[in-house]
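What follows is a short report on a single structure.
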Amino acid sequence: MTDTVKYVLDETRIPKRWYNIVADLPSPPPPVLHPGTLQPVGPGDLAPLFPMALIMQEVSAEREVEIPEPVREVYRQWRPAPLFRARRLEKILQTPAKIYYKYEGVSPPGSHKPNTAVPQAFYNAQSGIKKIATETGAGQWGSSLAFAGALFGIDIKVFMVRVSYDQKPYRRALMETYGAKCVASPSSETQSGLAMLAKNARHSGSLGIAISEAVEVAASRDDTKYALGSVLNHVLLHQTVIGQEAMAQFELAADYPDIVIGCTGGGSNFAGIVFPFLGAQLRGGKKVRVIAVEPAACPSLTRGRYAYDFGDTAHLTPLAKMHTLGSTFTPPGFHAGGLRYHGMAPLVSHLKELGLIEARAYEQTKCFEAGVRFARAEGILPAPEANHAVLGAIEEALRCKQEGVSRAILFNLCGHGHFDMQAYIDYFAGQLTDQQYDEAELAMALAGLPSVKAA
Ligand SMILES: Cc1ncc(COP(=O)(O)O)c(C=O)c1O
């Protein structure tokens with residue numbers, strides 16, 4: 001019996017390849033469709049938005065994709081990220097469960113997002129691109145791409161969802177420190193933004209709208225590409241360094257998770273920790289229970305429809321089959337800005353349909369309560385998004401106590417909340433409420449889903 005708290009790997013153990021779960025799935029995910037022809041999109045359709053190396057990763061069915069050495073060199077600054085055993089939290093909960101968390105807040109911008117921002121900037125730079133437009137919810141993705149852009153000499157333009165822009169001025173300042181330009185979305189700089197402002201001059205914005213603005217800028221300029229911080233296959237692929245490292249760290253601990261938990265906005269940090277374990281299971285290894293946790297105010301996996309939908313509000317993107325609340329749905333302005341997306345990654349949605357993962361939805365006050373409990377035990381202050389995974393882990397640990405069984409629970413602590421202190425201030429002041437989405441708006445957004453005949 002050891003009392004190890006922190007399982008660390010040296011830099012030589014940074015994965016050399018990303019893991020592509022498509023190779024191990026019992027059936028492939030449905031194809032992405034061109035909205036005009038309803039035919040599967042080809043690499044040429046995506047070329048205005050992404051460099052070809054990323055497009056090839058997007059459609060790849062190879063089990064492993066080599067990580068370029070310049071990307072591994074940057075990863076060295078914070079990877080391998082530590083795996084912690086939450087021994088003090090276990091004691092406080094008086095649970096027989098073993099709680100482990102992989103901590104992604106050690107990256108310079110403070111979350112898992114640089115795991116994909118760095119390779120995306122690298123491949124763009126390699127193909128001669130000088131500018132990238134993107135969106136950001138919480139600001140974690142925007143600051144990660146700003147960081148990566150600074151390293152690879154690319155100008156970054158970030159459309160930041162208005163409600164987060166107002167809630168998180170320090171994230172904005174961080175992006176500017178890295179040299180990026182950041183505007184509130186909807187903005188008056190694009191047709192998509194202007195259309196939204198015409199409907200409501202004080203629009204709080206959404207990730208779907210900010211994506212439309214960034215795609216519009218990229219599609220209309222030869223020198224500019226687009227980058228997305230979640231949802232797409234290549235983004236999920238890049239995040240699998242998290243789970244691969246965790247597997248090696250569990251070997252150090254002579255243990256293996258029974259349950260793996262991640263919060264889900266677009267699905268990338270969840271996929272990052274979960275896919276390597278699910279892949280091992282699909283190849284005949286140990287079965288793990290996998291739980292996706294999402295906000296009750298934007299519940300795509302638990303309340304959305306599994307259907308073809310646009311990735312953005314202005315309908316500039318291809319159609320992807322995913323759990324969706326409808327691309328025109330604007331979630332309430334709750335504090336986990338990174339989880340305010342109407343859809344779920346097609347790969348994560350497909351796993352849900354295959355019965356390989358479970359999903360549950362939590363209200364934000366309970367998530368903050370769990371985050372504060374965690375911070376008081378472990379010292380690390382989680383991002384509001386990560387609080388969803390913290391609550392999931394605490395609930396499972398308490399279930400172990402009730403049932404008198406010890407299970408190993410792993411969750412992804414995908415980012416710190418040092419730029420989210422206003423949310424914690426509001427929570428302590430009793431001003432943080434559980435916001436409900438508008439059922440009529442949801443029904444309308446779902447009624448507006450594009451009609452695509454079953455393939
Ligand atoms: C800290 C953090 N966690 C989670 C998310 C949600 O994204 P994803 O589901 O792709 O991990 C975000 C998105 O901005 C984030 O900033």
Side-chain angles (χ1 to χ4, degrees), residues 1-7 81-105 112 242-243 245-247 249-264 269-270 272-274 277-278 281 286-296 301-302 336 339 357-417 424 427:
M1 172 100 190
T2 69
D3 52 5
T4 305
V5 164
K6 187 162 82 295
Y7 297 93
L83 176 80
F84 288 95
R85 173 92 183 264
R87 292 188 187 271
R88 287 191 297 270
L89 180 65
E90 288 169 14
K91 220 172 254 164
I92 288 167
L93 298 175
Q94 296 181 315
T95 174
K98 293 171 282 180
I99 306 175
Y100 296 88
Y101 57 96
K102 181 78 170 159
Y103 185 42
E104 290 294 314
H112 63 295
I242 303 173
E245 287 175 7
M247 288 183 106
Q249 288 160 315
F250 266 89
E251 269 177 37
L252 291 182
D255 207 348
Y256 200 83
D258 297 295
I259 304 172
V260 185
I261 300 171
C263 70
T264 45
N269 87 85
F270 171 80
I273 195 149
V274 158
F277 287 100
L278 272 184
Q281 172 184 322
K286 193 179 161 212
K287 189 168 169 13
V288 282
R289 219 179 120 212
V290 173
I291 305 170
V293 188
E294 63 182 8
L301 269 175
T302 53
L339 307 185
I357 65 170
E358 303 167 28
R360 61 178 72 149
Y362 293 139
E363 304 284 359
Q364 70 171 349
T365 50
K366 283 254 176 294
C367 293
F368 273 89
E369 188 183 300
V372 169
R373 199 172 194 185
F374 180 84
R376 287 179 185 174
E378 298 292 312
I380 299 173
L381 181 109
E385 292 81 5
N387 281 342
H388 292 71
V390 173
L391 177 54
I394 289 178
E395 272 196 4
E396 288 305 317
L398 293 176
R399 196 190 312 273
C400 286
K401 179 170 157 178
Q402 235 173 24
E403 295 174 3
V405 290
S406 171
R407 295 188 187 100
I409 300 167
L410 167 65
F411 75 92
N412 198 10
L413 187 54
C414 52
H416 68 63
Y424 282 89
Y427 173 72

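Here the structure is a predicted model, which is why all the values come from computation and not from measurement. Sequence positions, counted from 1, serve as the residue numbers for this chain.
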Distance-only, no hydrogens or angles: does the Lys102 side chain make a donor-acceptor pair with backbone N or O of Ala81 under 3.5 Å? yes
Mind checking side chain to side chain contact (heavy atoms under 4.5 Å, CB included) for Thr302 and listing every partner two or more places apart, or none if nothing turns up? Glu294, Pro299, Ala359, Ala361
Can His416 and Leu381 be said to form a side chain to side chain contact (heavy atoms under 4.5 Å, CB included), step by step? CA-CA 6 Å; His416 68 63; Leu381 181 109; 5.8 Å; no
Other residues, nucleotides and ligands only: do more than 12 of their heavy atoms fall within 6.0 Å of NZ on Lys6? no
Test of understanding: with salt bridge (charged side-chain N to carboxylate O under 4.0 Å, His left out), list the residues that count as partners of Glu385, not counting sequence neighbours. none
Any non-hydrogen side-chain atom of Asn269 less than 4.5 Å from a side-chain atom of Glu104? no
Donor-acceptor pair, side chain of Arg289 and main chain of Ile259, under 3.5 angstrom: no
Residues pairing under salt bridge (charged side-chain N to carboxylate O under 4.0 Å, His left out) where one sits in residues 359-369, two or more places apart or in two chains, turn out to be Arg360-Glu395, Arg360-Glu396
Contacts of type side-chain hydrogen bond (donor to acceptor under 3.5 Å, both in side chains), residue Arg407, not counting sequence neighbours: Glu403
Expected output: side-chain Arg87 to main-chain Thr4 donor-acceptor under 3.5 Å: yes
Would you please name every residue forming a side chain to side chain contact (heavy atoms under 4.5 Å, CB included) with Leu252, sequence neighbours left out? Tyr7, Leu9
Set of side chain to side chain contact (heavy atoms under 4.5 Å, CB included) partners for Lys91, sequence neighbours left out: none
